[in-house]
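Inspection log for the structure reproduced underneath, given as structure tokens.
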Protein chains: 2
Amino acid sequence: MTRIRATPIVSLMGNQLAHLDHVFGALSDATRRAIVMRLCEGKASVGELAKPFDMALPSLMKHIRILENSGLVASEKIGRVRMCSIEIEALETIEEWLTAQREVWAQRLDRLEIYVEKLKREEKANARKRRTR
Amino acid sequence: MTRIRATPIVSLMGNQLAHLDHVFGALSDATRRAIVMRLCEGKASVGELAKPFDMALPSLMKHIRILENSGLVASEKIGRVRMCSIEIEALETIEEWLTAQREVWAQRLDRLEIYVEKLKREEKANARKRRTR
DNA sequence: AGATTAGTTATCCATTCGGATAACTAATCT
DNA sequence: AGATTAGTTATCCGAATGGATAACTAATCT
């Protein structure tokens, strides 16, 4: 019996786990998703980002912090204005997680299919028996 | 000028927005992601789900509630045991959002490419001018 | 130099979150 | 019928979250 993978999944994922917390957490807020959406169209200063929102600047800044913290957004201060940009790769973290889940799910479907096949074979066998009874 | 879409995106997405809050929110917790992962392998009772966690049952139940609330998990009580299962379609909500973002991002890259092309053309023109000066 | 602009820091506040315990209901087993 | 099992409800608690205001710093404009 070959042990393909000795290390448990959990340790393989390592600190990625905590990271997922932050990425998903960051996107669980509509304001933050809107900011991400806006930044997908191109860089923007904190002020520009704030305009569409009926929210005090410091409140909005918090959101930006959270986004930066999650790795979804990067920013650089030039003079007195801070320019923000999306880090599109961070979205891939999520994609990866999603694909992993769907793979497990698909495998289970496969197993289920095999099981259903077995049931069908048995059913046929029974039918034959019944016919020849 | 043809108004392709009169309704603003926000209203088109409708309650989907609030839904995204819940889906992303649900997945922002490691325990909950683990539950989803487990359920991708097949249905499980609350008790089975609880086993791997060093957590009181009511605490875990809360997580299940949150997952149900987000539409990621469904459950049905038969006798005294409640069986839970993933609703894989809920993950698609996220995929959709991600693709939408990446599309906007890609479009922006296209625009940027066009811009860079323009710059290159101008550069060439200048070079020609310089050569022939 | 003085006024304006663009963020930033510090605090505060109500609400939600993630956990726990205690006490309960309703099925199932013996 | 009585004991056990599988969840459920209610309540509590400290920490985190999403918002606000006030007061501040540092660049830029006039």
| field | Out of dA6(C), dT8(D), dG18(C), whichever nucleotide has its closest atom nearest the side chain of Ile66(B) | value | dG18(C)

Output side-chain donor-acceptor pairs under 3.5 Å for residues 42-49 of chain A, partner residues at least two apart or in another chain, one line each.
| from | atom 1 | to | atom 2 | distance (Å) |
| --- | --- | --- | --- | --- |
| Ser45(A) | OG | Glu48(A) | N | 3.1 |
| Ser45(A) | OG | Glu48(A) | OE1 | 3.4 |
| Glu48(A) | OE1 | Ser45(A) | N | 2.8 |

| request: Round to a whole Å and report the spacing from CG of Leu60(B) to C1' of dT8(D). | output: 13 Å

Using distance only, find each side-chain donor-acceptor pair of residues 67-75 of chain B under 3.5 Å and give its atom names and separation, not counting sequence neighbours.
| from | atom 1 | to | atom 2 | distance (Å) |
| --- | --- | --- | --- | --- |
| Glu68(B) | OE1 | Ser75(B) | OG | 3.2 |
| Glu68(B) | OE2 | Ser75(B) | OG | 3.2 |
| Ser70(B) | OG | Leu67(B) | O | 2.7 |
| Ser70(B) | OG | Leu72(B) | N | 3.2 |
| Ser75(B) | OG | Arg82(B) | NH1 | 2.8 |

| Gln101(A) side-chain N/O to Trp97(A) backbone N/O, donor-acceptor pair under 3.5 Å | yes

| said: For Met83(B) and Met55(A), find the nucleotide of DNA chain D closest to each by heavy atoms; which residue's nucleotide sits nearer the 5' end? | reply: Met83(B)

| task | Give the rounded distance in Å between these two atoms: CG of Leu27(A) and P of dG18(D). | result | 12 Å

| Heavy-atom pair of closest approach, residues Lys77(B) and Arg80(B) | CE-O, 3.8 Å

| field | Closest to side chain of Thr31(B), choosing from dG18(D), dT8(D), dG19(C) | value | dG19(C)

| said: Is the shortest side-chain heavy-atom distance between Leu39(B) and Cys84(B) below 4.5 Å? | reply: yes

| How about Val23(A) and Phe24(B): do any of their side-chain heavy atoms sit closer than 4.5 Å? | no

| Does a side-chain heavy-atom distance below 4.5 Å link Glu41(B) with Trp105(A)? | no

| message | I'd like to check Leu98(B) versus Leu98(A) (side-chain heavy atoms, cut-off strictly below 4.5 Å). Are they in contact? | response | yes

| message | On the side chain of Lys77(A), is there an atom forming a donor-acceptor pair with the base of dG7(C) - under 3.5 Å, no angle test? | response | no

What nitrogen or oxygen pairs link the protein and nucleotides 13-16 of chain C at under 3.5 Å?
none

| remark: Going by chain and number, the hydrophobic cluster around Met83(B) (ILVMFWY, side chain to side chain under 4.5 Å) further includes Val81(B)

| query | For Met61(A) and dA20(D), what is the distance between atoms CE and P respectively, to the nearest whole Å? | reply | 15 Å

| request: Using the closest heavy atom to pick a nucleotide of DNA chain D for each, name whichever of Arg32(A) or Arg82(B) lands nearer the 5' end. | output: Arg82(B)

Expected rows: protein N/O vs nucleotides 21-27 of chain C N/O, under 3.5 Å:
| from | atom 1 | to | atom 2 | distance (Å) |
| --- | --- | --- | --- | --- |
| dA27(C) | N3 | Arg80(B) | NH1 | 3.1 |

| message | In whole Å, I'd like the distance from the CZ atom of Phe24(A) to the C1' atom of dC17(C). | response | 18 Å

| query | Once you round it to whole Å, what is the distance between C1' of dG18(C) and CZ of Arg65(B)? | reply | 15 Å

| Hydrophobic cluster of Ile66(B), others only, ordered by chain and residue number, side-chain cut-off 4.5 Å | none

| query | In residues 46-54 of chain B, what residues come within less than 4.0 Å of DNA chain D, judged by heavy atoms? | reply | Val46(B), Gly47(B)

| request: Would you indicate which nucleotide in dG18(D), dG7(D), dA6(C) comes nearest to any side-chain atom of Lys62(A)? | output: dG18(D)

| field | Members sharing Val104(B)'s hydrophobic cluster (side chains within less than 4.5 Å) | value | none

| Whole-Å distance between dA16(D) P and Asn69(A) CG? | 13 Å

| said: What is the distance, to the nearest angstrom, from the NE2 atom on His63(B) to the P atom on dT8(D)? | reply: 15 Å

| Any side-chain heavy-atom pair of Leu27(B) and Leu20(A) under 4.5 Å | no

| task | Treat a base pair as Watson-Crick or G-U wobble with both distances under 3.5 Å, then lay out DNA chain C in dot-bracket form, 5' to 3', with | for cross-strand pairs. | result | ||||||||||||||||||||||||||||||

Mind listing the side-chain donor-acceptor pairs of residues 51-65 of chain A below 3.5 Å, one per line with the distance, residues two or more places apart or on another chain?
| from | atom 1 | to | atom 2 | distance (Å) |
| --- | --- | --- | --- | --- |
| His63(A) | ND1 | Arg32(A) | NH1 | 3.2 |

| field | Value in whole Å for how far the C1' atom of dT17(D) lies from CG of Asp21(B) | value | 13 Å

| request: Indicate yes or no: at least one non-hydrogen side-chain atom of Ser28(B) is less than 4.5 angstrom from one of Asp21(A). | output: no

